[in-house]
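In what follows, every heavy atom counts, from backbone to side chain, and hydrogens, waters and symmetry copies are set aside. A quick note: this is a predicted structure, and the numbers were derived from the prediction, not measured. Each residue takes its place number in the sequence, starting with 1.
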Amino acid sequence: MSISKFSSTFALACAATAALLAPAVAFAQETAPAAAAAAPAFTMDKGDNTWMLISSALVLLMTIPGLALFYGGLVRAKNMLSVLMQVFMITAVVALIWVTYGYSLAFTDGGSLNSFVGGFSKAFLAGVNTSSLAETFSKGVAIPEYTFIVFQMTFACITPGLIVGAFAERVKFSAVMLFVVLWVTFIYFPMAHMVWFWGGPSSYTSPAGLIFSYGAIDFAGGTVVHINAGIAGLVGAIMLGKRTGYKKEIMAPHSMTLTMVGASLLWVGWFGFNAGSNLEANSYASLAFINTFVATAAAAVSWCIVESLARGKASMLGGASGAVAGLVAITPAAGFAGPMGSIVLGLIVSPVCYFFVDVVKNKFNYDDSLDVFGVHCVGGILGALGTGILVNPALGGAGIVDYSTADFAASYAGTATQVLAQAKGVLTTLLWSGIGSAILYKIVDVVIGLRVSVEAEREGLDLSTHGEAAYHSS
């Protein structure tokens, strides 16, 4: 075959092939956008991201300096610095653990163990970059994954910090740090996974954490944070034993001024804690914001009224304690209850917590130094159960989003059904954290010992443990 004939034949073949393929190419061009549209397409709003970054900073403010000063003012002056140091260093250590493996254990699929804990697929933040997104509670709406990671990191930091108030003034600093490393690994990360891990609106039928699968709702951490830390604190207080001189020596707070400052910072920071848990800057965030405001106010007023009736005087300590109790109680209900229901919750929680702090603790004679159990665990239980009632739209609640409906309509399964689901979540938390914490305390006690010597305790932990003092006389 001559070159000219070959060229002519090749040209004809190419033309025929092109003619045959043209419809297929055109079809592929038409269907490609449709295929892309079928896959979840997340969009990120700069306003949502801004709010979440601010909320993250607010939660850090709750911890340092808020929680540190609140607790620090409640102990004796010789132990002030030790409490500041414990809360400060817990924050630093847990932040590093969180990005190393904590985030992965809390918020990834755990395979056969998925009901209880995640896996290590995102250990060391593998696969996370500036392009990766985390879906919010609206289908297709997302925030940068880094933002979600840092927001949840602040929760992981403050929760073990709450525990130290239960055994303040008598625990070894090294024991606190070792316990916290073990506790967040085996208690907190699994709890966060059990309560908050699910597939998101775009994949709501995916396997979820155990407590989430109960149908229990927890907007911002009534179980994960407060009940979890509160029961761990009670177990620790009992296992360490009472402070030297307990009920024989005066152990009054050394600075109610600092405690008031700390409580106020907690209140301000809690807006990020609760309203930030909505993950978006929309009307539900506004609902959580106003609920956090009014429930706390109601609880502060309620505590002072009860205290005035019981003791004849209202104290600053009572006002601050009531505010914290209200913050704790509204945490699981923040985005679910209505403002009037939140006020009722605040009015109820203070008398209940007051009873546990003033009556139950004395009856059973345990030394929960700063009433972590009486306020956080008891308040968290009341809030978790109350959420199951106050979410009812008939009571002004927002209802529970049903992601199986086309328009994600709000629904309510009924008081008995929802409260039972809430109770199962509470019981699971108490058992997981209570039993698990007891085991971890025992391990720490065997390895390095939990408690300082009597001499060190009498001298004060500031000097005996850290070699410095919070205050110096002129």
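- Screening Phe189, Phe148, Phe197, Trp198 against Phe107 for a ring-ring contact (aromatic ring centres under 6.0 Å, His included) leaves a single residue, Phe148.
- Between the side chain of Ser132 and the backbone N or O of Asn129 there is at least one donor-acceptor pair closer than 3.5 Å.
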Intermediate values then yes/no, ring pair (Phe, Tyr, Trp, His ring centres under 6.0 Å), Phe289 and Phe293: CA-CA 6 Å; Phe289 203 104; Phe293 215 138; 7.1 Å; no

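- Salt bridge present: Asp371 and Lys361 bring a charged side-chain N and a carboxylate O closer than 4.0 Å.
- Checking side-chain atoms of Asn274 against main-chain N and O of Ala288 turns up no donor-acceptor pair under 3.5 Å.
- The line from CZ of Phe137 to OH of Tyr284 is 11.5 Å long, rounded to the nearest 0.5 Å.
- Results of the side chain to side chain contact (heavy atoms under 4.5 Å, CB included) test with Leu67 over Ile158, Leu84, Ile90 single out Ile158 as the only residue that passes.
- Distance alone, capped at 3.5 Å, places no donor-acceptor pair between the Asn291 side chain and the Ser342 backbone.
- With hydrogens and angles ignored, the 3.5 Å screen pairs a side-chain donor or acceptor of Trp196 with a backbone N or O of Asp218.
- For the pair Phe120/Leu105, a side-chain contact is recorded, criterion being any heavy-atom separation below 4.5 Å from C-beta on.
- A heavy-atom distance below 4.5 Å is found between the side chains of Phe336 and Ile217.
- At least one donor-acceptor pair under 3.5 Å links the side chain of Ser82 to the backbone N or O of Asn79.
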Derivation of the ring pair (Phe, Tyr, Trp, His ring centres under 6.0 Å) call for Trp303 and Tyr354: CA-CA 7 Å; Trp303 194 295; Tyr354 182 90; 5.7 Å; yes

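- The main-chain N or O of Thr429 is never found under 3.5 Å from a side-chain atom of Ser433 such that the two would form a donor-acceptor pair.
- The CG atom of Leu258 sits 6.0 Å away from atom CG of Leu69, with the distance rounded to the nearest 0.5 Å.
- With hydrogens and angles ignored, the 3.5 Å screen pairs no side-chain donor or acceptor of Asp402 with any backbone N or O of Phe408.
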Trp432 vs His193, ring pair (Phe, Tyr, Trp, His ring centres under 6.0 Å): CA-CA, chis, key distance, verdict: CA-CA 13 Å; Trp432 184 275; His193 182 88; over 10 Å; no

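- In summary, Arg243 and Glu457 do not engage in a salt bridge, as defined by a charged side-chain N under 4.0 Å from a carboxylate O.
- Considering Thr136, Leu133, Leu279 as possible partners of Val141, the one that fulfils the side chain to side chain contact (heavy atoms under 4.5 Å, CB included) test is Thr136.
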Leu370 and Phe70: CA distance, side-chain angles, deciding distance, side chain to side chain contact (heavy atoms under 4.5 Å, CB included) verdict: CA-CA 10 Å; Leu370 310 182; Phe70 179 73; over 6 Å; no

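- Residues Arg170 and Ser369 are in side-chain contact: their nearest non-hydrogen atoms beyond the backbone lie under 4.5 Å apart.
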